[in-house]
Amino acid sequence: MCVVVASAAAVLLYVLQADPDRDLDFAVPRTLLVLAVLFLICDSTPTALTSRQSAWSPSSSATLAAVVLLGPGGAALVGASSLFSLRRGGLRERVFNGAMYTVSAFAAGAAYVALGGRVGIPNPGWFPGDILPFAVAAAVHVAVNHGLLWGMLLLLPPARVNAQRGRLDLHLPLLLASDLGYATLGLLIAALWYLVGPFAAVLVLIPLFVARWAMGQFAAQQAAYAATMAALCQAVETKDFYTRGHSERVSRGATMLAREIAMGAERVEAIGFAGMLHDVGKLGVPTKVLQKTGPLTEEELAAIQLHPMRGLEIVRQIGFLNEALDGIMHHHERMDGKGYPMGLAGDEIPEFARVIAVADAFDSMTSTRSYRGARSVGEAVAELRKCAGRQFDPVLVDAFITALQRDGWRPSKTADVPPGFRAQIAAQDHDDPTAPLRVVESY
Ligand SMILES: [Fe+2]
């Protein structure tokens, strides 16, 4: 952080030196002011890309417009105005962001000028000659910005950044693409300046804000989906108390595993939903069967084994789940074909279902049950290894263990069950590979 701030301070000192030959012409303070205001408006109201992910602001359009209209020095000053952004939190975050934007804007400006880009209000004669320097400047801006941000995150202790990095990770391609897109708007502002002056900023801002409003609506819809899913999980966990938090942890484990095997961002998100809802079909299983402590009758076992189908029936109409439906339907299939409901074997089992099966069994084993204490992570890993090939996909078991070693695991705390709930805790768990469901002997 000190290096970034010191570099920014050096850039600003260099820019502000009263040397009339420098590329910042103080005869155009109005341009500077308009662009700084534009930057602050953009930076103060970021768009939520999706409900749960990071937000990115279109402020780079102002910075890149400054690169063309004012040169590297002016761009650095516009970037430095991030210090006064309404959105930023504490002083440290403000200072770091201000410094980061100063350095990246100056680097972009320097690249633009070095490649022969002309500084000032563009006229039609500048095009297409100045497009290439501008494109490089935009790429440099994005690269320096994200490079500094990532460098910072890599240096922080993992515990402090894991959540934030997870968010950035998931949407990095989207962030880079949107940032480059916003940077391109900078050229549009600069080009329009020739015709309408500072009003160019307003002309570009209006459609931008309409588009962002529409994206906000989309984000609100995503939030509604998430709330719906949380409500469904809550319903399952109310009915079957011992699985409290289980859906959430299976979702986390499945997401870890999906990232480890390099699934794309959209599939990672979908498998998170699938993990969340994998046991939603328990809503269709009689409560007394779920909570029965003794051996089950054939009919009761059949009722439990029907829960993946019931789950599919419940959520089939939810369009955005797509591939997640496969995960819900087949999460109890086994590699040797002895699972349920379809008895699929090996690669016939959808990948989502194979991933969820591993995370599901692992969480079940590391949680406390009324018939046994929680197993340690090491014991659960050994059990997964033992069942790899027969019950679980061995490649996925290995990948899950690697992910566990990297990210760690926070097991459940179901041990402290309130006394009133003790009677509601089942003495068996259909997810536990070490304690299969017991069935009454038939005579
Ligand atoms: Fe299940």
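Predicted model only: the values in this text are computed from it and were never measured. All values below come from the heavy atoms of this structure, side chains included, with hydrogens, waters and symmetry mates left out. Counting starts at 1 for both ligands and their atoms, following the listed order.
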S.K.: Flag the pair E300 and K292 as a salt bridge only when some basic side-chain nitrogen lies within less than 4.0 angstrom of an acidic carboxylate oxygen.
M.R.: yes

S.K.: Look up atom CE in M256 and atom OG1 in T402, then write down how far apart they are to the nearest 0.5 Å.
M.R.: 10.0 Å

S.K.: Identify every side-chain donor-acceptor pair in residues 351-359 under 3.5 Å, counting partners at least two apart or on other chains, and give the distances.
M.R.:
unit_1: E351; atom_1: OE1; unit_2: R267; atom_2: NH1; d: 3.3
unit_1: E351; atom_1: OE1; unit_2: R267; atom_2: NH2; d: 3.0
unit_1: R354; atom_1: NE; unit_2: I349; atom_2: O; d: 2.9
unit_1: R354; atom_1: NH1; unit_2: D393; atom_2: OD2; d: 2.7
unit_1: R354; atom_1: NH2; unit_2: I349; atom_2: O; d: 3.4

S.K.: Number of protein N/O/S atoms less than 2.8 Å from the Fe ion (ligand 1)?
M.R.: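 Considering protein N, O and S only, the Fe ion (ligand 1) has 5 within range.
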
S.K.: Output all residues satisfying salt bridge (charged side-chain N to carboxylate O under 4.0 Å, His left out) with D279, sequence neighbours left out; order by chain, then residue number.
M.R.: K282

S.K.: For ring-ring contact (aromatic ring centres under 6.0 Å, His included), just list the numbers for Y101 and F39, CA-CA rounded to whole Å, side-chain angles, deciding distance to a tenth of an Å, and then say yes or no.
M.R.: CA-CA 11 Å; Y101 283 120; F39 182 95; 5.4 Å; yes

S.K.: H278: what forms a ring-ring contact (aromatic ring centres under 6.0 Å, His included) with it, not counting sequence neighbours?
M.R.: H246, H331

